[in-house]
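Values below: every heavy atom of this structure, side chains too, minus hydrogens, waters and symmetry copies. Computed from a prediction, not measured in an experiment: that's the story for all the values here. We name chains A, B, ... by the order of the sequence lines, and we start the count at 1 in each one.
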Amino acid sequence: MWFRSDLRVYDNPALMAARNQGTTCAIYFATPEQWREHDWSEGKISLVVAQVEALSRELAKLNIPLTVLRVERFADIPERLACWVRECSVTQVFFNYEYEINESACADAVTAMLHGESVPAWGYHDQCIIPPGQIRTRTGGVFKVFTAFKKVFLEQFPTRSRGIFNRPEMQHAKPFKGNSDALSEIPVERRWRSLWPMGENEAHDRLNRFIEHKINGYRDDRDVPSLDSTSALSPYLTLGCLSTTQCMHAAMSANYGRYQDGNPGVLTWINELIWREFYRHLMFAFPDICRYRPFKPETDLLPWSRDEALFSAWKTGQTGFPIVDAAMRQLLHLGWMHNRLRMVTAMFLTKDLFIDWRWGERYFMQMLVDGDLASNNGGWQWSASTGVDAAPYFRVFNPVRQSERFDPKGVFIRRYLPELAALDDRSIHQPSAAQARACGYPLPIVDHRLAVDSVKAHFKALSLIDDDKAMPTVNALSVMG
DNA sequence: AGCCTGTTCGT
DNA sequence: CGAACAGGC
Ligand SMILES: Cc1cc2nc3c(=O)[nH]c(=O)nc-3n(C[C@H](O)[C@H](O)[C@H](O)COP(=O)(O)OP(=O)(O)OC[C@H]3O[C@@H](n4cnc5c(N)ncnc54)[C@H](O)[C@@H]3O)c2cc1C
């Protein structure tokens, strides 16, 4: 069994298939250089190391030895894997598919290399509730609108989704001794492990606690960051400590097994799981997502700003907009940010500062413990209005309005911006110049109104190009300035 | 899962 | 003078 971002023994299709074929051993490749190239955060790397350690203990209980090898890049994997296969006399290899281009190319190269050794390699779909590519429009196309995708997803859920797999049965004896020493060479930070304790049991506990205590209120509370009312399961899902299939079934169990009607909290949470599913299916269909291409190609013509000073103020939480700054400091502190605030901060970067969404996408990836290409790219292209089913360009968030709506008493702002704690509930969303000075807090780095007017003009110029195909692109752009 | 502005109707 | 709604971006 070749493990990647599917670091669990429960509900693991490839592991189950391997075990059904006979005596099983497991391997994991730590690829620090590749992780760096993929902008994995320090936190995510620390957590993956912790999770592989935890996995090796879980596998040991089943008498399945785990070997951890360190190579720099994916390109080194096929040969090392083939070597290991020979050494251990492995006759078949099992793995779960990943849909990012480099990950899937790596699995293809592994399959080809092993084929040369007459060792078959079998891939399984584990990341999606319904395997990508299976949800189709009537004409066989790919859904680009979420609500349409969701409708068909729910219709086909009973027939196209797999059931949950149990943990495989214990083997009578370990074929050989495992070795995860290579993990100790990877530098990790303690902080992340205490913020996000790893282990499959931990993930299950958190899922159960969420279902027991929070899912009923999820519809009404999910948008209020100070309530901590969401599951915070995303880091566990990203590493594969838990599958979305397990989440789906857990949610249904709190709703008499139903997924289309009943408990509104459950239905809203399932809706979010389907967003994750939607973005993964899209990445499978459009792998160009991994090449920093926007869904709407014409938006590449927008004259995005390259202002490093503004970008830096955003990154460090010094924009002078309290809700934005509190959110960015939550990201720095936890390696995680509430969904509402991801939208607010992404919208602020791309619309108020008019900075290229790819800068933000990359920075999020470098900071998040739940960094996931499909969801992150989906979220950024939604916010930047460059995506399929994205926010229309004119539907711009006002950061102060968002703050008043979703943090009315400033509880969240005070948590991350203690320097503003003394301000009253009304002005904390938008301190006056005098208040800001007194608190040692920056003045707003942009005029929201002006910024919004200008960004709308840029997008409108684009739609002119789009409407009038006869007009050469370059001319339209130079007219716009 | 938007926000602003203007209008109309009621108090 | 506020709520409710419509329309534009
Ligand atoms: C700009 C931006 C960037 C994002 N980057 C990431 C990312 O790198 N990794 C990531 O996992 N999510 C990302 N998201 C989606 C979402 O913000 C997080 O999944 C969510 O905040 C995680 O918190 P939670 O586990 O408490 O979510 P819950 O509210 O408990 O939802 C449960 C699960 O559903 C999925 N989910 C929820 N909302 C979304 C969504 N909007 N899109 C896709 N999946 C969703 C997640 O897997 C989440 O763990 C991003 C969203 C935006 C707007």
Tell me: CH2 of W275(A) to P of dA1(B), nearest whole Å?
-> 12 Å

Test: K144(A) cationic atom under 6.0 Å from F286(A) six-membered ring centre, within 45° of axis | no

R193(A) with E53(A): basic N within carboxylate O range, under 4.0 Å | yes

Base, sugar-phosphate alone, or nothing: which one does E272(A) contact when heavy atoms must sit under 4.0 Å apart?
-> base

Could you list the donor-acceptor pairs under 3.5 angstrom formed by side chains in residues 363-379 of chain A, with sequence neighbours left out?
unit_1  : atom_1 : unit_2  : atom_2 : d
Y363(A) : OH     : K315(A) : O      : 3.2
Q366(A) : NE2    : D39(A)  : OD1    : 3.1
D370(A) : OD1    : R342(A) : NH1    : 3.3
D370(A) : OD2    : S234(A) : OG     : 2.7
D370(A) : OD2    : R342(A) : NH1    : 3.3
D370(A) : OD2    : R342(A) : NH2    : 2.7
D372(A) : OD1    : R280(A) : NH1    : 3.3
D372(A) : OD1    : R280(A) : NH2    : 2.8
D372(A) : OD2    : R280(A) : NH1    : 3.2
D372(A) : OD2    : S375(A) : N      : 3.0
D372(A) : OD2    : S375(A) : OG     : 3.1
N376(A) : OD1    : W380(A) : NE1    : 3.3
N376(A) : ND2    : E361(A) : O      : 3.0
N377(A) : OD1    : Q381(A) : NE2    : 3.1
N377(A) : ND2    : E361(A) : OE2    : 3.1

Whole angstrom value for the distance that separates P of dG8(C) from NZ of K460(A) = 11 Å

One should read off an interatomic distance between L302(A) CG and H458(A) NE2, to the nearest 0.5 angstrom, of 8.0 Å

At under 4.0 Å between heavy atoms, what does F406(A) touch on the DNA or RNA strands: base, sugar-phosphate, or nothing?
-> sugar-phosphate

Rounding to a whole Å, what distance do you find between Y218(A):OH and dA1(B):P?
-> 12 Å

Is any side-chain N or O of R395(A) closer than 4.0 Å to OP1 or OP2 of dA1(B)?
-> no

Salt bridge present between E272(A) and R276(A) (N-O < 4.0 angstrom) | no

Describe the nucleic acid contact of D389(A) in one word from base, sugar-phosphate, nothing, applying a heavy-atom distance below 4.0 Å.
-> nothing

Return the value, rounded to whole Å, for the distance between atom CZ of R342(A) and atom P of dA1(B).
-> 17 Å

Check whether the side chains of Y99(A) and H125(A) place a donor and an acceptor atom closer than 3.5 Å, and report yes or no.
-> yes

Anything under 3.5 Å between a protein N or O and an N or O of nucleotides 3-7 of chain B, put it in a table, one pair a line.
unit_1 : atom_1 : unit_2  : atom_2 : d
dC3(B) : OP1    : N398(A) : N      : 3.3
dC3(B) : OP1    : Q402(A) : NE2    : 3.1
dC3(B) : OP2    : R405(A) : NH1    : 2.6
dC4(B) : OP1    : N398(A) : ND2    : 2.8
dT5(B) : OP1    : R449(A) : NH2    : 2.4

